[in-house]
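The block underneath contains the structure these notes are about, expressed in structure tokens.
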Amino acid sequence: MMPDATHPPARRAAALLGRMVLGAVLLGPILALLLHASSTHWFFPRLVPAEWTLAPLLRQLGDPRTRAALGASLLTAGITTGIALLLGLPAARVLGLRTFRGRSLVLLVLFLPNIVPPLAIGMGLNVLLLRLGLAGSIAGVVLVHLVPVVPYAILALLGVFARYDEGYELQARTLGANPCQVWLRVALPLLWPGLAVAALFAFLVSWSQYVLTLLVGGGQVITLPILLFAAVSGGNPTSIAGLALLFAAPPAVAIALAVRALAAAAGQPARGMS
Amino acid sequence: MMPDATHPPARRAAALLGRMVLGAVLLGPILALLLHASSTHWFFPRLVPAEWTLAPLLRQLGDPRTRAALGASLLTAGITTGIALLLGLPAARVLGLRTFRGRSLVLLVLFLPNIVPPLAIGMGLNVLLLRLGLAGSIAGVVLVHLVPVVPYAILALLGVFARYDEGYELQARTLGANPCQVWLRVALPLLWPGLAVAALFAFLVSWSQYVLTLLVGGGQVITLPILLFAAVSGGNPTSIAGLALLFAAPPAVAIALAVRALAAAAGQPARGMS
Amino acid sequence: MTRIALTGITRSYLRRAPPALAHVSLAVEPGTLLALLGASGSGKSTLLKLVAGVEAPDQGDIAFDGRSVLPVPAHRRRAVLVFQNAYLFPFLSVAENIAFGLRVQGASRATMQAEVRRMLDLVELPGIERKRPAQLSGGEQQRVALARALAIRPRVLLLDEPFSSLDSAVRHTLQEAVRRIQRELGITTLLVTHDRGEALAMADRVALLDRGALLAHETPQRLFARPPTRRAAHLMGVTTCLRGELAGGQLRTSLGVLAVDADGAPAGLATYAIRPEHMRLACAPEPNALPVRVLAETFRGERYEYLLQAGDETLRVHAFQPFTAPADAPAYVVLPTEHLFPVCDDAVAPPARPA
Amino acid sequence: MTRIALTGITRSYLRRAPPALAHVSLAVEPGTLLALLGASGSGKSTLLKLVAGVEAPDQGDIAFDGRSVLPVPAHRRRAVLVFQNAYLFPFLSVAENIAFGLRVQGASRATMQAEVRRMLDLVELPGIERKRPAQLSGGEQQRVALARALAIRPRVLLLDEPFSSLDSAVRHTLQEAVRRIQRELGITTLLVTHDRGEALAMADRVALLDRGALLAHETPQRLFARPPTRRAAHLMGVTTCLRGELAGGQLRTSLGVLAVDADGAPAGLATYAIRPEHMRLACAPEPNALPVRVLAETFRGERYEYLLQAGDETLRVHAFQPFTAPADAPAYVVLPTEHLFPVCDDAVAPPARPA
């Protein structure tokens, strides 16, 4: 078979498509929000706002409620990410490196919580958490976030392990590396890019939870999406846009960085992950 | 290398794990909801309700608002699924069958809309749809649903195409099958199980949308999740449970069927997809 | 029985890379089997795809019985491919697989049944109509794939390394079966292979491909005994090529003077080659012997391999018996005149395609 | 120089399937190279993993110089594996790769630098310290992998098909290099291969493995010329085994009577084998000739293969010259007494492991 799949025009077209989608998805909404947030008078049918000012945006950032919500969001997403990686690494290793008959089944089941309406799961879990006294606490919110986050972490890590060759570890062992050295000097450098992507995925999925946080947090755990949605109900467009920008900017930056890192890695010749 | 990966105990353990997770995820919440919906008096610390009756549940089903929401949900999810498959098939074919340098990048970008807070995207798109006059219509809701649904459809189809060998099509062509016969007699039978799973994924992701529907539907497109969330705010536990059951039951049934079909396919010797 | 003629076939995949096939012209006589022999990347599979019609050449023409088939789409060419992977449709039974080509043409049920039985008899697997492909061994799958290909009465049979995933015993039996069937039906066949022995054993003629160029198109015996160029000789396993001044039936090389069969070749610089198994080690000088030092002896079962130093060249000699001479005794390698044959220097790379 | 002794090694992966290795006992003399020859599934790679310590046997003992190494974990055994895939760490330079084993032992910077240079000289790749693995060719990668393995001064070198992904010219050069280095350092080496020629060419002794059982453990020449059992003979390429009644130096088979070298063997049922290249076709009867019908002649380049019918058996004969006899003239196959050798019938399958 000839490698016509590596046709440069096709590759270039794919890269261009990627950039365009990336641009549209990341920059479009943020630009719109930025326009909203920095304007005071912007009504149909004007294409750009009549006046510009950063004052509303800065006012939003100075609000202690906003800062508290930012803290709660960072804390929840951070802890959730850490636990999800710890749980996901061994699971993804088994699922990615071994092939057994029920594998596709296990994967489907793993992913169910993301497919099954989160409302149904959230409410089912809420009954449990209420009885455990964890409802309304960060711990409870983290526990509930793990339900959709762990599958994402496993999914991201699966891709890494699908290309991971245990032979490197075997090789290192016979060269005299003890298990700890094998992990630090061989497995970690090989898995590093994939781990970073998985952490990013996990963080973002947790960061953007709204329904589950609301259900389990019961109005006591106020994360950014909760605050944002409250503002949406309130109806002040400038305040909404400010919060939305705050909410969307860190993920956008993180993703842009990850994409650049991945693109750089893709430019290098074959490594542990390509 | 010895195929110690196909070790029967490991396989059995994995299958058992799968069943347990499946049971916990699917049946747990539904059982809790069923108890709620069929009870009138159930308060802490009782483990089971004091009284049982199906009357509230049946009353809920007779409500015309419930029926209208059910119709809107089915319509939206159905159309979205159809379009997502039509868009996803060629995209997944290219991404799954060709390997090029930027491939992992394109995949990451494709999946961004599911990772990036949907709120940010929804609000960005809302501005656009408002200007197009599509806000508040089923068409607008479908368009917005496509943003998270298409990537899921592509992801599901990617798995199919990763194991798809175009050689079968080449073989059929040289045996005298015209392009239409190649598609109907070869590609479709090979892709069928994967297509079904992709459709299921797409339907469920659309079916369970809440935030995007609310943002773009603007209170005019009332799907089941919207009605359910309104009921949650209202606070009548029996009504909530009834709606939640209605909302969670069809996906649960569909997933159970898909899992059984996949398990049966996995039991057979290697086919187009294993 | 169909005659295939390829004329000036060129096919490029990448714009700036050398073409996969460059200016290849070949004719395959009706009812014969032509082996396309080459390493991976030689363009042999590309050639097969062009004949099948699943790809189109950039330049050149492909004709069956004198009529160009370039305008004919793959599904109407009746040129069937059989691959290394048998590509039996997993959702169909063996009978349904064999009948596939007839079914898409709209043949009747009775025709299909009769044809399936006939084809299964032909490939010596009677009675397995109802089995599923997954229940068959690798060799059986290839036989069914062959039956399926032959069921549509193809004009041309295209075999793309059909034996290379089979173990050697099954491979040999299947090679014999394919050769028997091909001769019985008199079907014009192209066989792509990277296995020299397979090409020599099965083909009426062998086309040697190298990096998109046709190096030789010969009968197996002639190609093996007298490859025409240095590169062709190398691909046929010749490791010794001696360059020297040819005059009066003698080749003056840097290693010594050899009597060769000049056969009317003009005097001047010439290159002669010899197969490793045609050289012989000796303890005493004789005609056409060169003094050598034995660097290494390797036992490889069927033969012994000797690595020799002659002047500043190393030679490899294959012998069927070990060479037993006292250490430090002088050794000679004999290059018999009847086994030395002239080779051309390689043609320069084919000219780039005119824009 | 380390002596390896394996005693009664058994290893099972699946509870109800036959074991990957059953009761294998082997000794490797210090400084020698033992080839483990077998098809896939013969257990040869498993054996290597057990010696390396990355897997443990179910039964039996592995000793280096008389001391059991079973309690020693893989990273302290100093038994280094080199795989078909070179497994060079892609995030390290060539020098860092070679120094890996020394670094995890805590060697000094100067030691590592000196050792890297020494090893690169040994594998004939001086000066490539700063290159990245991805910049090397397949053969160079294998050389670096070898250098990395040798840098820790291993007691035992374990080579798992290290040449099988290389093309034949590179493979031959690397085989010679490995053999030279192995002899120079006098390092006890196990080489796993499925390539008969490679095993015969490189090894001091060859262990023939088949479905987990050790069939033979011999020098290459003896194993090739006199495989001890039918199955071993089959694996060494012998296709003709004749069973008959042995009496007074004569074997009475269903095809005829053959004079054989009985050499004190008891009279009674016996099986004699002969290599396909040791038989010869003839036009007239002579001693030890059987009448045959020539079914097919196949030209395979280095040799001609004849498929013969003798009684109701088919024989395969390899000849280096074509057999030219008039069609329909009687033909005979000659089985020279000096090439007929007795083979044992195969041992019954090893007994199941006592529970």
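Residue numbers start from 1 in every chain, and the chains themselves are labelled A, B, ... in the order their sequence lines are given, proteins ahead of strands.
Heavy-atom distances place both the backbone and the side chain of D:Ala74 under 4.5 Å from chain A. The part of D:Ile152 that comes within reach of chain A is its side chain, from C-beta onward, which places non-hydrogen atoms under 4.5 angstrom from that chain.
Between chain A and the options D:Leu88, D:Val82, D:Asn85, heavy-atom pairs under 4.5 Å are most frequent for D:Leu88. Taking chain D as the reference chain and counting heavy-atom pairs below 4.5 Å, the highest number among A:Thr174, A:Val182, A:Asn178 is found for A:Thr174. Highest contact tally toward chain A, considering only D:Arg78, D:Arg148, D:Arg132, is held by D:Arg148 [criterion: heavy-atom pairs under 4.5 Å].
Relative orientation of the A:Tyr168 and D:Phe89 rings is tilted, given thresholds of 30° and 60° on the angle between their planes.
The side-chain contact (heavy atoms from CB on, under 4.5 Å) test with D:Phe100 singles out one residue from A:Gln171, A:Gln181, A:Arg185, and that residue is A:Arg185.
Counting only heavy atoms from C-beta outward, the side chains of A:Leu170 and D:Phe83 approach each other to under 4.5 Å.
Between D:Ala149 and A:Leu175, the closest heavy-atom pair is CA-CD2, 4.0 Å. Residues A:Pro179 and D:His75 come closest through the heavy atom pair CD-CE1, 3.9 Å.
Under a cut-off of 6.0 angstrom, the local environment of CZ in D:Arg76 is sparse, with at most 12 non-hydrogen atoms contributed by other residues, nucleotides or ligands. Few gaps surround CZ on D:Arg3; more than 12 heavy atoms of other groups in view lie less than 6.0 Å from it.
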